[in-house]
Amino acid sequence: MDYRFLPKKGLSLFVDGLLKDFKVYGPVKMDGFPVYEEVSSAKELLLMHSPSHITPKKYLFPQRETLLRFKTGEKPQVEHAADADNQVLFGIHPCDIHAIRLLDRVFAYGTPDVNYLRRREKTIIIGTECLPDKFCFCRSVNTMTAANDFDLFIHDIGAGFLVKIGTEKGKELLFRHVKTRKATIKEISKLVEFHKKKESMFTASINAEPSTLPLIYSGSYDSPVWEEIGKICYGCGSCNLVCPTCYCFDVRDDISLNMKDGERYRVWDGCLLEDFAKVAGGHNFRKTRGERLRHRFNRKFQFQVDKFGGLFCVGCGRCSRACLVNINIVEITNKLIEERETGKKE
Amino acid sequence: MKKDIKVNVEHITRVEGHGNIVIDIKNGRIKELRLEIVESPRFYEAFIRGRRYDEVQHIMSRICGICAVSHTSASLKAVESAMGIQITKQSALLRKLAFHGEVIQSHILHLYFLVIPDFFNVGSIVPLASSRPDVVRRGLRLKKLANEICSIVAGRHIHPISLFPGGVTHLPKVSELKALKKRLEDSFEDLDATLELFRSFRVPQFSKKREFISMKEDGEYAFYSGDIYSSRKYSRKPKDYKKVIKESIVPYSTAKHAAAKKGPYMVGALARVNNNFKQLSKRARDAAKGLGITTYPYNPFMNNAAQLAEVYHCVEDAIKIIDRLISEGLRKEELKKPKKHGTGVGIVEAPRGILFHEYAIDKNGIVTEANCIIPTAQNLGIIEDDMRNFIPSILHKTREDITRDVESLVRAYDPCISCSTHIMDVRFED
Amino acid sequence: MESPYLLRQARIERITRLTEKERLFRLVFEDDKTLGHVPGQFIMLSIFGAGEAPISVSSPPDTRNEFEICVRVVGSLTNVLHTLLKGSTVGIRGPYGKGFPVKEIENKDILLIAGGIGLVPMRSLIKTILLKRGAYGRITLLYGVKSPEDILFKDELDEWSKVPDFDLRITVDKPHPLWKGHTGVVTRYLPELKIDAERTAAVIVGPPVMYKYVIMGLGEKRIAGHEIFLSLERRMKCGIGKCGHCQINSVYICQEGPVFRLSDIRRLREAI
Amino acid sequence: MTKNMPKPKVAFFSFTCCEGCQLQVLSCEDELVDILNLIEIVNFREAIDEKRDDYDIAFIEGSVSRQHEIEEVKKIREKANVVVALGACSSTGGLNCLKNKFPMEEVKKVVYGEKSKYYKYFDTIPARPLDAVIPVDYYLHGCPITKSEFLNVLKALLTGKRPDMPNYPVCVDCKMTGNICVFEKGKTCMGPVTRAGCDAICVTYGAVCWGCRGTVDNPNTESHEETLRIYGLTADDLVRSFDLYGGWNKYGGSK
Ligand SMILES: Cc1cc2nc3c(=O)[nH]c(=O)nc-3n(C[C@H](O)[C@H](O)[C@H](O)COP(=O)(O)OP(=O)(O)OC[C@H]3O[C@@H](n4cnc5c(N)ncnc54)[C@H](O)[C@@H]3O)c2cc1C
Ligand code: SF4
Ligand code: SF4
Ligand code: SF4
């Protein structure tokens, strides 16, 4: 892997360069909290922080996205909408890089989802390191570092930035806008040191090997946990909406007031919301909040794993952070692990 | 001319809220004449008791959808005065900006939706949408601009969100303000066209001397701050409002009537323009003159002209405020905290005239007593007076024409009946 | 790359009112390509402005560019569909999903159990089987509806009942003054059926509540799980395995279903 | 090619309220001309003189709070094919129901004075939502309604669709908008039990969700009370929060 060294002042030059050809989105502070927004200079970027409250997946899979544009009438007409701008996602943390890798897989398998893939194609991903807070547990699900799936990865090593090159496209962009030199072994080792330090910073962790989690979850279908947390859960779907790997959606039509043209669009949906699995006739296949929670947790640790390979939780802790009643994915998972272990003992 | 005429307009249209006009003329003499307010009373002053000081503006805003910013502002000012809260300059500027949005919105709505149909002799703007689409679209453009001012500052016009005790909870973006300024500047073309249109209308000639009460402030045309001022040349501090105004109930109205020492008085755009003419912006003064406000008109029909002049003023002043906000730079500010408790009065010039809110707040920040005096309630007495004096001059007309003319008269006041149904401190006419 | 949400346009060529709530629509593609479906598959039907919904194909595979659907009025799209006139254009994508194992069940006795509009996809299967009548054994169709007015395809049921070795039993949920036939839920008639479990394949399509009891009944008849096929209904928004609505555990109904072999999903919690 | 339908006739009525929701309709500045092409407005006292009784769709704003209003809304129900409750006052009773927890004589006295007891004119009945009096087909929630929801319902009615009404809490809108949850800032919020559809505009503009749209179908109110308590609300505060827009169910009302 190719590592380059970018001097301190090079960063703003680089961002300015990117801004010429791309919309650039990155982590910034809003009301004191990290969020992703469009940025217009490097100095707005929040380059070393815990995860953002809302995920950057919105730039690849927007909250509301037009799929088709149509004209009604005798002979309806329809065209595919694929509005995607060239964009740079700057400051994507390893967990989110992994999440994007998973979304790539979901939207590409079987019948490819052109809307997502077209956006993805036009997106440059520039990763950065981060600081775990009390909800982060990426170390427990092997997503603390990202080896690839980015175009560039930039890490602040004091005197300047260590830039890891992930793709040719990334390299070309870097070289086009700023002067860098080959990083020294010493500089590269700073990243390793940082990872060591980061590893020691986690307060949350799952008490089992990631590879055992699908089995633990499949054995916990009838655990009393689901009903317990179902009682306190609001069914507000916050956990779904902030999760970087939740991708369910609803499809709706909007017709304009002339009643002649309109669009078909999709919006984020969430399996915790009451009507998610309701069908015509009123039957709800996951009526209780407990059932819906079980479904969501299992999607992260079992169902999608069966289907796509790899855990679908990247340990960002956002769902726990967003949950008003403190339903914590690490605690629940540990509880299930414990139930299983004590169950075995008996 | 001795004739018998009965006019009974149930639920007068193109006004805010429910009111009836009842006129009974026997032998050419008025036997009975009433403006009945049949809007259901809602008892805001009663149920606001027990609520916390930082919910008051949210609740009191709901007194009226059309002057929600005014009620919110009066309410905030009363609470802030009761609790010793001094808001920052920036907050005051933003609140004033939203206030201008409301005045423009309300006046344009009145002029274009409620009044213009009378001049075109149609029942609403609906037929105008096809016969005079230019007029309708212009009205809608101006109204939209007014809505945008409120949206950018306060989230929306109807029940503004970010106006909060201690300041404002949201800052507009500089880019939004710049875009808004551009649109405000562009709107003069539409305003001038509006002015031309209203110049072409024939305003009924009717004049009767009266007292005008409004706010007055040194240094600026008073909407958001100032003292109580009367055309009879006296002024009072806001807290002394009860010394100026007395309310009474009449058995056919859920809105109370108000009177000053010398009887009924008029509030609203005409009162303000008459009392504070010199402080209007340049273009506003020109517009006022262009519409015939050269002397000190007592003709209530001139209220429409005064409204249009005020729209000019608000647009110009809004541009000034935006310039100031941008040049001074927008800063995030914490809401100012209460320092004490007690009683406080807040007054503002709502689009329809001076508006009073007063609360008593206890040491836990809970409202224990409240009183509001709404502009339309203050105008009810003078409206009836005017009807009484106006009718003889139109008695020669047909019943339909009389009805229409009287309705126009009532409408000229732009009465806002839905909010005029809650008033306190009653004195009965025994 | 083409968007999977794009549609083929089809013209409504015939509308037949079957009941108060259900109508049969014969659709013809604007181009001359066939739909190319197998019985049990579904399409995504759409009307611009009203939305999109999964609907089973009700006609048997056809070499022409035509097919039929039967739709019950329940909500947005279905309401608007029922106001359309002959000649209107609708959008179609699909066919999607896995259908009934028409080939595999050849040479077997076929037990068909349908509830309500479950008969709609079943009709496609029945017609396919009848086209090759000789390849199948005895056919039994147990059809349950709420009341006599809800019976779909009355004429066709009549015809089928005249086919040799076709045992048709219709039952209505509640006793009805004008109804002389069977009453009660379909499961009531399972015990009295003469079934050679060894050579029978069963197919079930109906409302969610029906499955559990029918499966129990079939168990008593000793029909093996791998000889029982059922079509599951879930909410669906994309039809291509993305939107997540139809997911049961690791299974996406729109991809691996809607027709499943019972033995494959017996352990799939939440499936039945 | 749907069956040819004449322009539907639409009426707007207003009962006990601030008329803000009707005004919100008039605030559809960009759409108003198109709307007038699609429907025929036959009754809209705030904006037009015409008052006809041959309407298909009635939008009714305001709570019912006087005896004669009961008769009036019943008459409207008889004439209209579709009745849409316009805004919080008519959908859930809205703020008006706050007065229900005080005795009538008391509120009369507070507002109109001691002698008001001699005047029947000021008498009201407990304020109530429309569906406490007549069946309602669709609801437009919110104080005030949102323009986009109004337009969506109108378009749905015109296309024959069933209008969508979100059955998920405001937290969803908040997350979609990208707001930071106010609980993170130490404030409290009614959003987790309140029906969405407002784009969480109050949170976006720096306030909290007040609950004006009423609750979702199955709100977890126990959990919410617990959360609010944890965040420091007193028993009084709790009552106040749930009262503000939930007064009808709390004080005497049921459907
Ligand atoms: C694989 C598959 C095959 C299918 N095949 C067929 C078929 O062949 N024929 C067929 O008719 N259906 C079929 N369905 C069901 C069909 O997809 C649904 O009926 C359809 O999606 C309804 O769409 P809609 O837009 O009309 O309803 P929607 O507007 O989406 O309404 C759906 C939901 O809203 C509820 N609802 C509807 N009206 C109201 C109301 N007034 N008030 C409150 N709630 C209401 C319904 O109960 C339902 O829960 C099939 C489903 C699947 C999954
Ligand atoms: S499940 Fe929770 S912790 Fe895991 S990726 Fe999603 S939001 Fe992050
Ligand atoms: S965020 Fe918490 S309360 Fe909301 S749905 Fe998820 S688990 Fe339930
Ligand atoms: S601010 Fe309120 S509505 Fe928004 S997420 Fe938080 S609790 Fe929910």
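Chain letters run A, B, ... following the sequence lines, proteins first, then strands; residues in each count from 1.
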Gap separating the CE atom of A:Met30 from the CG atom of D:Asn179, nearest 0.5 angstrom: 6.0 Å
Winner by heavy-atom pair count (cut-off under 4.5 Å) against chain A, out of D:Lys161, D:Glu31, D:His224, D:Glu222: D:His224
Nearest heavy atoms of D:Val172 and A:Cys236, plus distance in Å: CG2-O, 3.2 Å
Rounded distance (nearest 0.5 Å) linking atom SG of D:Cys174 with atom CD1 of A:Ile54: 8.0 Å
Rounded distance [0.5 Å steps], NZ in A:Lys287 versus CG in D:Asn218: 8.5 Å
Over all atoms of both residues, closest heavy-atom pair of A:Ser238 and D:Lys175: OG-NZ, 3.6 Å
Residue D:Lys185 excluded, over 12 heavy atoms near NZ under 6.0 Å: yes
Region of D:Glu184 in contact with chain A, defined by heavy-atom distances below 4.5 Å: both
NZ/D:Lys79: more than 12 non-hydrogen atoms of other groups inside 6.0 Å: yes
Contact class of A:Leu257 relative to chain D, heavy atoms under 4.5 angstrom: both
D:Asn220 side chain to A:Cys233 backbone, donor-acceptor under 3.5 Å: yes
Segment of A:Lys231 engaging chain D (4.5 angstrom heavy-atom cut-off): backbone
Exceeds 12 heavy-atom contacts within 6.0 angstrom, atom CD of A:Glu227: no
Residue from A:Asp275, A:Leu272, A:Asp269, A:Leu273 passing side chain to side chain contact (heavy atoms under 4.5 Å, CB included) with D:Tyr168: A:Leu273
Most chain A-contacting option - heavy-atom pairs closer than 4.5 Å, from D:Ile230, D:Asp34, D:Thr227: D:Thr227
Which atoms of A:Asp254 approach chain D - backbone, side chain, both or neither, heavy atom under 4.5 Å: side chain
Side chain, backbone, both or neither of A:Ser52 within contact of chain D (heavy atoms, under 4.5 Å): neither
Interatomic distance, A:Arg252 atom CZ to D:Asn152 atom CG [nearest 0.5 angstrom]: 9.5 Å
Value rounded to 0.5 Å, distance of CD in A:Glu274 from CG in D:Asp217: 6.0 Å
Region of A:Arg64 that comes under 4.5 Å of a non-hydrogen atom in chain D: neither
Nearest heavy atoms of D:Ser223 and A:Val325, plus distance in Å: OG-CG1, 3.5 Å
Best-contacting candidate, A:Val267, A:Val35, A:Ile255, against chain D by heavy atom pairs under 4.5 angstrom: A:Ile255
Leading residue by heavy atom contact count with chain D [cutoff under 4.5 Å; candidates A:Arg289, A:Glu37, A:Met259]: A:Arg289
A:Lys23 NZ: over 12 foreign heavy atoms closer than 6.0 Å: no
Chain A interface, residue from D:Gly191, D:Pro192, D:Gly178, D:Cys181 that has the most non-hydrogen pairs under 4.5 Å: D:Pro192
Part of D:Ile180 lying under 4.5 Å from any heavy atom of chain A: both
Residue selection (most heavy-atom pairs with chain D, distance under 4.5 Å) from A:Asn326, A:Leu324, A:Asp31: A:Leu324
